[in-house]
Structure formats: structure tokens, C-alpha cells
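All remarks here apply to the structure that follows.
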Amino acid sequence: MSTCYQKSLRAFLEQESVIKTKHQAKELHARLIRTMAPVSAILNSKIISIYSNFNLLQDSLTLFNTIDSPQPTKAWKSIIKCYASSGLFLNSLTSFNEMRSVGRIPDRNVFPSVLKSCVQLRDLRLGESVHGCVMRLGLDCDLYTGNALMNMYAKLQLPKAQQPFDEFPERKKQVVGLKDMTEKPIEMEALGMDTVRKVFQTMPIRDVVSWNTIIQGNVHGGRYKEALGMLREMGNSDLKPDSFTLSTVLPIFSKNVDLKKGKEIHGFAIRHGFDGDGFIGSSLIDMYANCTRVEDSYKLFSLLPQCDAVSWNSIIAACVQNGRFDEGLELFRQMLRADIEPLGHSFSIIMPACAHLTTLTLGKQLHAYIIRTGNDENLYVASSLVDMYAKCGNIKNARWIFDNMEIQDSVSWTAMIMGYAMHGHYDAISLFEEMQMAGVQSNSVVFVAVLTACSHAGLVNEAWKYFSTMTQNHGIAPGLEHYAALADLLGRAGRLQEAYDFISSMHIKPTGSVWSALLSACRVHRNFEMADKVAKEIFKIDPEYTGAYALLSNMYGAAGSWKEAQKIRITMRRKGMKKKPACSWIEVKNKVHAFVAGDKSHPFYGQIDEALQDILERIENEGYVPDTSEIPHDVDEEQKRYAVSTHSERLAIAFGIISSPAGTTIRVTKNLRVCVDCHTAIKFISKTMGREIIVRDNIRFHHFKDGNCSCGDYW
DNA sequence: ATAGGGTTAG
């Protein structure tokens, strides 16, 4: 027996290093059972260890349970590791506790798995107690354990968005006076990073993984300076950055829009043969896209040796975030055709494209797909759906999704509030109050939504109130968008001087677009004196600001000052400026049809024109009188009439009417503000043709029904 | 034991 055992053991040990497949592992196990029964606990533990290295959880467990307790430490360690690598983190930790309760002492090999489980379960407290255990056993100087400890503290330093708001009372109390507001928002001190640093400093030996881990921890917590400092230090200690290091630091240059540094990393990656690495590839795609170099992103994507869902997500995001919505959608389709299963991420990336293009049908199809793939519980996905439905004018669906979300974070609240704001609902304001009651931390974006809501409802006093709440109670420095919203509101309320003073006293330099909100108010209120003053301010800051020239020229044209208007138009031409062409689009049978003013290129233009004439005749019989006062050209009345009647929104609506069943709602989106005459005409059309017409312009939604518009003619 | 992509913005 004893010799037989010795022989088998020797054979086994010879075999062990040869085992390369699961099949060989099982064969060895079988041979062991044949040659000697019973197999010793030590040998069985060896087999379990081999099984667990192949991630054969069931086989490991079955064998584990055949060993008489107390099972050897080696067996326990294998089970714990196998649970952790199978994603059963709770079981892994339970086994760890059991192991200790039967008196087995864990060693350095098991702690990385245990700490990984703590990370996955986001259980910092348990992780800390494991840390205590590591210290008592004197294992804190072990390289692998130290790395795993650092990783645990780095990962469980809560990301800002998920910080419980009352955990940082000093932030809540922080009051930023108007004078100091140019400073960046206070950076939150990470709790975990101190510990990471401590562990790092204690470690007698550090390898690339140690450096990568601490760098990643800093990046994750937004402390880019420290991360780059560590990168430099790492080089000083004779360790070369590897592909992990590079893809960890690339997001820094992406977020900082630092193309120069990003390219340096790209070059380094190529020189060191990392350029085929998928991780680095997608980080680079993202970096170039963030620097608006989408073509470079495309190039990188095409050079990737293989593309997984993440690479696709990166290139799709690159398009969508740079306003190339159609391309983004096309790539999404290509991804599906390439049999790449979209992930939750993929949906939250593509949904803003539907939101911007107002492609409700497509959005709904994707929503169905999201439900089928079980991604509807994902917070990011749900928020993007709320936004999509709201932007497509289906505020009810938006609200339904919002109400059914498991938790609502500031992003989903913001999407919902902005949705109401765009529809001019007073609900936006009450929803914001609800958000605050629910204890959700406000951020600068939600105040953009609130101020927009005030603006669309004409609530000047409320807007002032929220503006000062934002700065004084929430310590949020107003940005351009906040100033623009308030300036716009004051202007539209006719309080031009107040708006002028307000913009003049901004603590950051106003841009052309902030002033141009006031300029367009000057146009509406026909205040030339102020318009001149404002225009001068704009040209001082941004002599190339096309919008201002166009506004001024229109204003003079409308007032009959042809010479002035022409002078401006000549200037524009000399500077090579082009007015942004007005464009409207409508989704019909899953396809987006776009129209620009006077556009005859649509295949059904004949029918559209016919319908347009018919509609015009019918609404004129109902009392519609064309208002051509906004047409700046010094042209004759008939031409003016023609010009307004072929505005892009009318072409889109006419097309909608002839290509959809009677009585159905028509949804049109326009890239510029809808003109006064079209607004009047569409009111008539909604009544005469018996259609609800929902127009989203660049300002807000207009919901036309029975001859009225939801904006109450205030927009 | 370490790495890539995400939602809200006149």
C-alpha cells in the first residue's frame, strides 16, 4: 500500500505539470481513483486545486464534500478561489469564514480572491476586517495581497455620483460667494485613497501592478494630477508602463481634452507594440473623439485587430457625442449585423441620438429591445430613455419610466425636469421641489433645467430665486448656460436694460451666444438702440459670431432699413459666413425625412407642394393671413408669401399629413426657432386638418391642437 | 492582484 501510494504520488507529480486541459485533469483524477482507494485528503486537495484552476466549480465542490472534515487548507483555498472566479462572491466569503471557523489558517494565496469578493459585493466593512486578518497574520508585506488590498480601497472609494449626500456635510455647508465662483468646485477628498497610499508605502516590494493600481485609484477619484505624478515616479523607479498603465492614464487626457498628451501616449503605444491592444484602442478612440477628432477615432477603429462590444461602443459614442447621430445609428446597426450583442452601455450611448433626432419610432423599438435583453433596470439606460421620450414629445412615457425606476438619481431627475421644461409645463418647477424633498443632491445641470423651465413659463421672479438658491445654498458657480437662461428670460419679459446689466456684471466672460439671447429679445421688442449696443459687445468678443449678423440683418430688414440690412449681409459674405440653414425633419415609417426651406429635392415634392397649396387655401378660408414681417428681404409681397409658405417646417408638416392616416399626431423637429408666421399657420392647420401637431424647435415644444399652441404664443 | 465604453445641459 505504502509503495503503491508513493508510486502513484510520484506519477501524479510528474503528471501535474503536463495537465493542460480539463479533460486531462479528469483523466488524472480517474486514474487516481482506479489505482488507489481511498485517495488521501492531500491528493484530493491537489485535484481540487487543479479543477479550480480550470474553474470547474461543480467538480471541485463534489470532491471537496467527499473529503472528511476537517478539510486541508489547500482544499479550502481552492474552493474560495473557484467561487470568486465563478462570480459567486458571497459563497466565496462564506467559505472563507467557514475555513477560519474550523481552525484553518488562510495564507497569502487566498487573500486576493477574498478581497476581490469584497470589492464585487461593494462591502468595504468586510474588506476592512479582512485587512485586519491580513495584518494579524503578518501578510501585509506580501506583494499580491498588498496589491489586492490597494485595489479594494481604491474601488470602494465611492464614486462621486453615488456618494450619499449627507456623508459630506462640509460640502453641503459650503457657501461660495459670487466673488470666488471662478474657482473650480471643491474636490471631494476621497476616503479610501489615504489607505491605498498607506498600503502602497508599507509594501516592501512593488511591481507594475502595484503602480497601475494606485494610478487607477487616483484616476477613478478624479485626482489626475496625482495620477500623473505617480506615473512619473513609476518611471523613476525603473518600471516601464505596460498596456494597463497606458489605458489607465489615457482617460485623463480624454477628459482634459489634451490632444497633445494623448497623442504622445498613442505614439508610445505604437513604439512598444501595444497598438493592437483592444483596451488601449477604445481609450484612444474615446480620447480622439473627446478632442473632436472623430476621423482619427474611425481610423483607430478600422485598425483594431478585433472588435468587441466595447470597441463598438467607443466608436458609436465618438459619433453621437460629436453630433453625428445618423452615423452613430448606422454603426449601431452594423454592430448588430456583426452579431455583437449590445450591452446596457450600448443603449445608453445610442439613445441620445434618437433623442436629438426625435426618432420616436426607432426609440420605441430600441426600448422594446432593451426590455427583451433585460437592460431596462439599468439606471443609465433608464435615464437615457426618460430623456429620449421627453425629447420626442412623449412626456407620459418619460414620466412612466421615471416613476418606475428603482432609484432616481440626479441625472434622471434632470432629464425629467428638462422634459417638462421643454414642454413649458409648470410641473418642471414642482418636480424640482420634489427632487429636493427627496434629498437628491442638485447639480449645475439641474439648475439649467429649472431656469429653462422658468424661462419658458415667463417666471422672472422664480428664476431669480432659483439662481440665488443655486449660488448661495448649493454653492454652485453659475456657468454660461445659467446666465444665458436668465438673460434670455429677462429679455423676453422685455426687461432689456436689466438683462444688459446682468450680463455686464457676469463674473465670467460672456460669450457671443449669451449676448445673442438678448439680441434676439431686442429684435422681438424692436429696440434698435439696445440691439446696436449688444451687437457691439458680441463683435468685440467674437467677430465671427454668425448668429448675431443674421439676427441684426433680419431686424433691420424687417424694419425696412434695407441699406443697413444689406451692409450686414455684405459683411457676412466678405467674411465667408453662411447663415445656418433652417432644417426640419419628420420620421415617417421608420425613416427620417429632412427638409430645408424651399427644398424641392424630396422624391414626393410634387405631392407635397400640391398639399401645401391645398392647405394654404383652406386655412386662408378659415381666416389665416400671412404675416411676412419677419421676412427680411426687400422683395415683393408675392415672393414673401411664397418664402414663408415653403419654410422647412411646413414642408415637413405637409409631408406628414399626406403620409399618415387622418387624425394621427404629427411630430416635426426644427433646428432653429419656429417663425411667427409659421406658428400662426400651424395653429390654423391643426384646427382645419384636425391634427395634433407637435413641433420641437431649438427652444421648446409647441403642441398645436384645435387652433391653439401649448406655448401660449410665448416662446 | 491591475486596464477600455455610459445617462442629464439656452
Using a heavy-atom cut-off of 4.0 Å across all strands, would you classify A:Gln408 as base, sugar-phosphate, or nothing?
nothing
Between atom CD1 in A:Ile265 and atom P in B:dG4, what is the gap in whole Å?
15 Å
Among B:dG4, B:dT8, B:dA1, the one nearest A:Ala148 by side-chain distance
B:dA1
To the nearest Å, give me how far apart CH2 (A:Trp413) and C1' (B:dA9) are.
19 Å
Rounded off to whole Å, could you give me the NE2-to-P distance for the A:His131 and B:dA1 pair?
18 Å
Give the rounded distance in Å between these two atoms: CH2 of A:Trp211 and P of B:dA1.
22 Å
Quick check for you: among B:dA3, B:dG6, B:dA9, whose closest atom lies nearest to any side-chain atom of A:Lys391?
B:dA9
Check whether the ring centres of A:Phe447 and A:Phe467 lie less than 6.0 Å apart, and answer yes or no.
no
With respect to the side chain of A:Ser243, which nucleotide from B:dG6, B:dA1, B:dA3 is positioned closest?
B:dA3
Proximal nucleotide (of B:dG6, B:dG4, B:dT2) relative to the A:Asn151 side chain:
B:dT2
Using a cut-off of 4.0 Å on non-hydrogen atoms, how would the nucleic acid contact of A:Gly278 be classed: base, sugar-phosphate, or nothing?
base
Tell me which nucleotide among B:dG4, B:dG6, B:dG10 gets nearest to the side chain of A:Thr452.
B:dG10
Separation of A:Ile315 atom CD1 from B:dG6 atom P, in whole Å?
13 Å
For a quick check, tell me whether the side chain of A:Thr213 and the base of B:dT2 share a donor-acceptor pair closer than 3.5 Å.
no
Nearest-neighbour nucleotide for the A:Asn443 side chain, B:dG10, B:dG6, B:dT8 considered
B:dT8
Any base atoms under 4.0 Å from A:Leu343, or only sugar-phosphate, or nothing? Heavy atoms, all strands.
base
Min side-chain heavy-atom separation A:Phe347-A:Thr373 under 4.5 Å:
yes
For A:His482 and B:dT8, what is the distance between atoms NE2 and P respectively, to the nearest whole Å?
16 Å
Compare the minimum distances between each of B:dA9, B:dG4, B:dT7 and the side chain of A:Phe279, then state the nucleotide with the smallest one.
B:dG4
Can you say whether a donor on the side chain of A:Ser247 sits under 3.5 Å from an acceptor on the base of B:dG4, or the other way round?
no
Are A:Met230 and A:Phe200 packed together at the side-chain level, in the sense that at least one heavy-atom pair is separated by less than 4.5 angstrom?
yes
Distance-only donor-acceptor hits, side chain of residues 109-117 of chain A, under 3.5 Å, sequence neighbours excluded:
unit_1: A:Ser117; atom_1: OG; unit_2: A:Ser92; atom_2: OG; d: 3.0
unit_1: A:Ser117; atom_1: OG; unit_2: A:Ser113; atom_2: O; d: 3.2

Check for me: is A:Phe244 stacked on B:dT2 by the 5.5 Å centroid and 30° plane-angle rule?
yes
Quick one: CE on A:Met470 to OG on A:Ser442, what's the gap to the nearest 0.5 Å?
10.5 Å
Answer yes or no: side-chain N or O of A:Asp286 and base N or O of B:dG4 forming a donor-acceptor pair under 3.5 Å.
no
Should the side chain of A:Asn378 and the base of B:dG6 be counted as holding a donor-acceptor pair, with the cut-off at 3.5 Å?
yes
In terms of side-chain heavy atoms of A:Val310, which of B:dA1, B:dG4, B:dG6 is nearest?
B:dG4
Nearest whole angstrom, please: distance from the C1' of B:dA9 to the CG of A:Asp387.
10 Å
Would you please indicate yes or no on a ring centroid separation below 6.0 angstrom for A:Trp464 and A:Phe502?
yes
Check every strand shown and say whether A:Ala517 touches a base, only sugar-phosphate, or nothing at a heavy-atom separation below 4.0 Å.
nothing
What's the CZ-P distance between A:Phe268 and B:dA3, to the nearest Å?
19 Å
Between B:dG6 and A:Ser348, counting only base atoms on the nucleotide and side-chain atoms on the residue, is there a donor-acceptor pair under 3.5 Å?
yes
Donor-acceptor contacts, no H, no angles, side chain residues 273-282 of chain A, under 3.5 Å, sequence neighbours left out:
unit_1: A:Asp277; atom_1: OD1; unit_2: A:Phe279; atom_2: N; d: 2.7
unit_1: A:Asp277; atom_1: OD1; unit_2: A:Ile280; atom_2: N; d: 3.0
unit_1: A:Ser282; atom_1: OG; unit_2: A:Gly278; atom_2: O; d: 3.3
unit_1: A:Ser282; atom_1: OG; unit_2: A:Phe279; atom_2: O; d: 3.2

Among the nucleotides B:dT8, B:dG10, B:dT2, whichever has the atom closest to the side chain of A:Val209 is B:dT2
State whether A:Lys155 places a side-chain N or O below 4.0 Å from either non-bridging phosphate oxygen (OP1 or OP2) of B:dA3.
yes
Applying a 4.0 Å non-hydrogen cut-off, can you work out what A:Gly479 is touching in the nucleic acid: base, sugar-phosphate, or nothing?
nothing
Heavy atoms from C-beta onward define the side chain here; which of B:dT7, B:dG10, B:dT8 lies closest to that of A:Ala415?
B:dT8
